[in-house]
Number of protein chains: 2
Amino acid sequence: MIKRELKAIDYLEQGELEKIHKASLTVLEKSGVEFYSQEARDILKKGGAKVEGEKVFFPPELVMEQVGLAPSEFTLHARNPEKNVVIGGNNTVHAPGYGSPYVMDYAQNARRNASYDDYVAFTKLAGLSENIDVVGGVLVEPNDITDHLRHAKMLQAAVKHTDKCLMGSAMGSKKAQETVEMASIIYGGIETVRKNPALISLINTNSPLEFDGRMLDALMVYARNKQPVIIAALAMTGTTSPVTLAGSLVQQCAEILSGIVFAQMVNPGTPVVFGSASSIVDLRTGNLAIGSPESVKMFSVIAQLARFYDVPSRGGGALTDAIITDNQSGFESMMVLMNTVLSGTNFILHSAGLLENYMTMSYEKFICDDEMLGMVKSYAQGFPINDDTLALDTLLKVGSGGNFIADEHTFTHMKDMRLPLISARLNYASVTELIDTPQRAHEYCKTLLSEYQNPPLDEKTEAELDKYIEGLG
Amino acid sequence: MIKRELKAIDYLEQGELEKIHKASLTVLEKSGVEFYSQEARDILKKGGAKVEGEKVFFPPELVMEQVGLAPSEFTLHARNPEKNVVIGGNNTVHAPGYGSPYVMDYAQNARRNASYDDYVAFTKLAGLSENIDVVGGVLVEPNDITDHLRHAKMLQAAVKHTDKCLMGSAMGSKKAQETVEMASIIYGGIETVRKNPALISLINTNSPLEFDGRMLDALMVYARNKQPVIIAALAMTGTTSPVTLAGSLVQQCAEILSGIVFAQMVNPGTPVVFGSASSIVDLRTGNLAIGSPESVKMFSVIAQLARFYDVPSRGGGALTDAIITDNQSGFESMMVLMNTVLSGTNFILHSAGLLENYMTMSYEKFICDDEMLGMVKSYAQGFPINDDTLALDTLLKVGSGGNFIADEHTFTHMKDMRLPLISARLNYASVTELIDTPQRAHEYCKTLLSEYQNPPLDEKTEAELDKYIEGLG
C-alpha cells in the first residue's frame, strides 16, 4: 500500500464542504432513502429511523451519532500477514478492476467475453504486482462458471494464486454467508475472521436514493461478522443524480451515510468505507465520462467528506473512456489515479486494467496501469532530505564545471531511482522499429504469466477449501 | 491562463525546504558560480559579490537582499490586451514546446528535421489553443533559416499568426537587442515596451554552477529594458548535478538565485522567474528520464522554493520520454503537467507537443496535450457550490427511484461540463474500427490548419516589422 507523505488535497473549502454535508442531512430527513428489505427496515426502525412503506427517513442527530460508531481506520488481514493492509489514515490501498464482463485479449485486438481462465490470469498479474494489495471479488466476470458457484470459484482462485487480502461477494445473503465460511477455512475459524477482518465487500447504492435487497442482505451478513463493507454511491449526473457536481455530491453523500448508519445499526463498530463510483454522463451521447476532470472532482470531494466524517474513503482508479490502450487511455487513467491518491483516497478499486469505462479488462492496460501505480506511489511518498542526500560536501568538492558521474556519492545513490516496468527511455536514432507501449506490455505480460508460481498454501487448508466448494454443487 | 482555485501543493515540509535553501546559500558563498562574461563579473563585483577569476562568490545577506528586489508577480503584455497574462500568484501560464530540432510529421510516422513551415504551423496551433498563452521563442528549431535571421523570422511568425504574448531570443546581445527593437515596432515604442513588459526570455544555466557568455549578454539586454527573464537550472542528476534529488535541488537553487541576483544588479526590479528544466538521468542507459516521478518531485519543490523567495516559478510541461504518441506518452505527460500545475508552477514551458524528452515536436501530441491542458485547467479551477448547484429542491422533488433527465435543472446545467477536443467516449459495440487518439488528433489538426485565419494586425506595423527584418540581412 502507499503510505502517503503528502498532506491530502482538500478540494473544497471547509464552508463549501459543510454546505454539501448539511444538504445531505436535509435529503436524509425530508426525502428519505428506499431500503428494499423488510429485515433492513425493521432494524432501521428499531434504531430510531422513521419508516414509511419502503422509505426510511433519518433525523440528523441519528445520522451523526451512528456514523460516529464506525472506526476511522481498520486492518484488513491477508493469509500472509506481511500483506495485511491498513485502510484509513495516510494509506492508499489498491485493488484491480472489478466487474467487467469483457476482456481485451492481447493476442487479438478485440473484445470478447471474460472467462474463468481470464479471472485466473488477472489474479496472477495482481498477485505479482508490487502495487496491488487486494484481490478476489469480481476481478473480471467469469461468464463460463455457473452463477451459484462463481463467488466460490473466484475466491478459490484468489487464495490459490496469491496470498493477498480478499474481497467478498455482495450478491445476496447465501453467497455472502458462504464467503464468510470459506474465509473461516482459510483463516482458521470464524472467531479469527471476526477478530481480524478478512473480507472487504462492495455494497453499491441504487441511485437515486435506493438500496436493493440483495446488497442489503449481503451487508447484514458481513456486518454481523464484523467484515468491512464499502458503501458506494453509483450515481450518474443528469440521469440518476442532479446534473451539477454539487447536487450529485449531496445525493451521493446522503446515500452513503444512510448505508453507513444501517451497517452500524446491524452491528455497531462495523468497519465501513465511504465510497463512490459515480461519474458524469456526456449528455450529448448518453455515455459515461469517467475519464473526465468532472468525475475526478467528485472523487476528490468524496475523500474529503470521508475525512469530515472520520471514516476511510473509496474512489477513483485507473479510469478511462478509451476503448483501446492508447494515448487517451494513458492520460485519463493517470489523471484519475494521481488525483484520487493525492486527494487522500484510502481504497482505490479499479486501479488496473479497465478500458471503456467499466466494461473491459485489458491485459496490456493492466501492465501499463501497474507502471502508473508505481509512479504515483513514488510521487506520493516524497524523497529523503538529510545531510547525506543534500550532498553539500559533494557539491563543494565537484564545484562549477565539474562532473558528478565518477563521484562516490553518485555510486552510492544511483539505485535510489525507480526503474520502470515497461516504459521506454530511448533515443529515436537508436531504434530500428517504433514499438508502442501496449506491444511492450504484451510481451512483459506473457513472460510474467509463463513464469508464474503460486505462493505457498497449507495443503490441509487447500483441501478443505476445495471440498467445501465441491459441496456447493 | 489557469487561475487556480486550489491551494498549491507544498511538496516539502517547511523545515525540509529551509534545509535546501540554507545549503544553497552555502554553495553560493563557498563554491561560487562561474560567470563567463567580464561585463557581468564587473557588475557583480560592483554589486557586492566577491570575484576571483571567473568565479563569483555571494554572501548570504547579499543574495536575500537582491532577490527581495524582484517582483512577486508581473503582467506580460500581448499585442491584443485581452491576451495579457499575469505571471505569479495563483496563475499558471502555458507556452508550447521549445527548442526541438526535430518534428514528427503527421503524414508519415517518422522523425525529420524541423523547418520554418513547421514553425509556422505550430504557431498557428498554439494561436488556436484555448490553453496556450505565450508563443514565439524556439517553438521548433527552423533549421532551414539562416542563423542570423532565425530569431527575427520566429518573432515575425508569432506576431503575424497570433496576437498572444511573446518569447524573446536568448542567443547573445545582438539578437536580444534586435528582438527588443522588433517589440518596439509591434508595441509602439521602446518606452511602452519598458513600461509594459512584452518579451519573456529563457536564460539557462550551464550546470553545474556556470553561466555562459551568450546567455549573460542576452540577460543584460533584457534586464536593462525591464523585460522578464526566466532563470532556469538545466541540471541532470548524477552527471551535471548530485544524483540525489535533494542535492540536485541545492545546486539548482544556487544557480537560479545567482542568476536572479545578477538580473537585479543589472537593473533592480527586473521581473524574473525561478525556473528549472532539470531532470533525472537513467544511469543504466545515460538517457534523460523527464517523464519520471523523480523529475516531477523536483519541479514541485522548485515551485515551492519560488514561493519561499516570493518570485514566480517555472517548471514542468507535458513531458515524456516516449518517442511516439502512445500510452506512455499520455500517462507521463499527464503526470508531469498535472503535478506542476497543482504544485503552483506559474509558467509552464513545454506544455504541448514534445516527444522523446525535448528532441521532437509532434503534431498529434500537440493536440493531445492541448486536450490534457483543458482537463488539468478544469480540475484546478474547482466547481461552483451555491443554492442552485446544490440542487436541494430538485433532489426533494425527484426523490428516490426518480430520473433527473427531464428536469429543468438538468436542462439548465447540462452544458456546464467540459467537452473534449478529440477524446472518445464510445461504446465498443458501436464502433466499426478501433481508431486511436493520434489518428483522431491527426484529422483534427489538419482541419484546424486548413481553416486557420490570422488575427487582425495593423498594416503599418506589419510593413514596418517586415522592413526591419529585411534590413537584417
Side-chain angles (χ1 to χ4, degrees), chain A residues 16 19 23 27 30-31 34 111 208-210 238-239 242-247 250-251 282-283 287 289 293-294 297 321 323-328 330-331 334-335 338 356 368 372 375 378-379 383 385 389-392 394-396 399-401 404-405 410 413-414 417 423 425 428 434 436-437, chain B residues 16 19 23 27 30-31 34 111 208-210 238-239 242-247 250-251 282-283 287 289 293-294 297 321 323-328 330-331 334-335 356 368 372 375 378-379 383 385 389-392 394-396 399-401 404-405 410 413-414 417 423 425-426 428 434 436-437:
Chain A
E16 294 176 325
K19 279 185 188 170
V27 168
K30 302 259 173 75
S31 174
E34 290 188 273
R111 193 178 91 168
L209 300 165
E210 294 183 344
T239 58
V243 70
T244 49
L245 302 186
V250 169
Q251 178 188 308
D282 189 327
L283 291 176
N287 287 330
E294 290 89 351
K297 293 180 199 190
D321 301 301
I323 57 178
I324 50 177
T325 308
D326 64 355
N327 189 266
Q328 177 188 342
F331 66 67
M334 176 56 90
M335 174 185 66
M338 179 62 84
E356 197 193 353
C368 295
M372 267 189 257
M375 295 165 75
S378 171
Y379 184 76
F383 60 90
I385 298 196
T389 61
L390 284 165
L392 196 46
T394 308
L395 269 162
L396 295 180
S400 55
F404 293 82
I405 190 76
T410 302
H413 286 285
M414 63 184 285
M417 63 181 277
S423 291
R425 291 168 174 175
Y428 183 93
L434 296 176
D436 72 1
T437 328
Chain B
E16 295 176 324
K19 280 186 187 169
V27 168
K30 302 259 172 76
S31 174
E34 291 188 273
R111 193 179 91 168
L209 299 165
E210 293 183 344
T239 58
V243 70
T244 49
L245 302 186
V250 168
Q251 178 188 309
D282 189 326
L283 291 176
N287 288 330
E294 290 89 352
K297 293 180 199 190
D321 300 302
I323 57 177
I324 49 177
T325 307
D326 64 354
N327 189 265
Q328 177 188 343
F331 65 67
M334 177 55 91
M335 175 184 66
E356 196 193 354
C368 295
M372 266 190 258
M375 294 165 75
S378 171
Y379 184 77
F383 60 90
I385 298 196
T389 61
L390 285 165
L392 196 47
T394 308
L395 269 162
L396 296 181
S400 56
F404 294 82
I405 191 77
T410 302
H413 287 284
M414 63 184 286
M417 62 180 277
S423 290
R425 290 169 174 174
L426 299 167
Y428 183 94
L434 296 176
D436 72 1
T437 328

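From a predicted model like this one, the values you see are computed outputs, not experimental measurements. Residue numbering restarts at 1 for every chain, and letters A, B, ... go by the order of the sequence lines.
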| query | Looking at A/Lys19, A/Glu34, A/Arg425, which one has more heavy-atom pairs under 4.5 Å with chain B than the rest? | reply | A/Arg425

| query | If you round to the nearest 0.5 Å, how far is CG of B/Asp436 from CD1 of A/Ile324? | reply | 5.0 Å

| query | In terms of heavy-atom pairs under 4.5 Å, which option from A/Ala289, A/Ala391, A/Ala246, A/Cys368 contacts chain B the most? | reply | A/Ala246

| Within the distance-only criterion (no hydrogens, no angle test), does the side chain of B/Thr389 pair as donor or acceptor with the backbone N or O of A/Thr244 below 3.5 angstrom? | no

| query | Side chain, backbone, both or neither: which part of A/Leu392 has an atom under 4.5 Å from a heavy atom of chain B? | reply | side chain

| Do you know which of A/Asp282, A/Leu396, A/Thr394, A/Leu283 has the most heavy-atom pairs under 4.5 Å to chain B? | A/Asp282

| Are side-chain heavy atoms of B/Leu395 and A/Pro242 found at a separation under 4.5 Å? | yes

| B/Gly401, B/Ser400, B/Ser423, B/Ala23: which one forms the most heavy-atom pairs within less than 4.5 Å of chain A? | B/Ser400

| field | Part of B/Met372 lying under 4.5 Å from any heavy atom of chain A | value | side chain

| Looking at residues at least two apart in the chain, or sitting in another chain, which of them share a ring pair (Phe, Tyr, Trp, His ring centres under 6.0 Å) with A/Tyr379? | B/Tyr11

| note | Shortest non-hydrogen pair, B/Glu356 vs A/Tyr428, comes out as OE2-N, 2.8 Å

| query | What residue in A/Arg111, A/Gln251, A/Glu294, A/Met338 has the most heavy-atom pairs under 4.5 Å with chain B? | reply | A/Arg111

| Do you know which of A/Glu16, A/Glu210, A/Lys30 has the most heavy-atom pairs under 4.5 Å to chain B? | A/Glu210

| query | Is it the backbone or the side chain of B/Asn287 that comes under 4.5 Å from a heavy atom of chain A, or both, or neither? | reply | side chain

| Do you know which of B/Asp321, B/Leu434, B/Thr437 has the most heavy-atom pairs under 4.5 Å to chain A? | B/Thr437

| said: For the CZ atom of A/Phe383 and the NZ atom of B/Lys297, what is their distance to the nearest 0.5 Å? | reply: 7.5 Å

| task | Identify, with sequence neighbours excluded, every residue that meets side-chain hydrogen bond (donor to acceptor under 3.5 Å, both in side chains) alongside A/Thr239. | result | none

| request: Find the one option among A/Leu245, A/Leu209, A/Ile405, A/Asn327 whose heavy-atom pairs under 4.5 Å with chain B are most numerous. | output: A/Asn327

| Side chain A/Thr410, main chain A/Phe404, donor-acceptor under 3.5 Å | yes

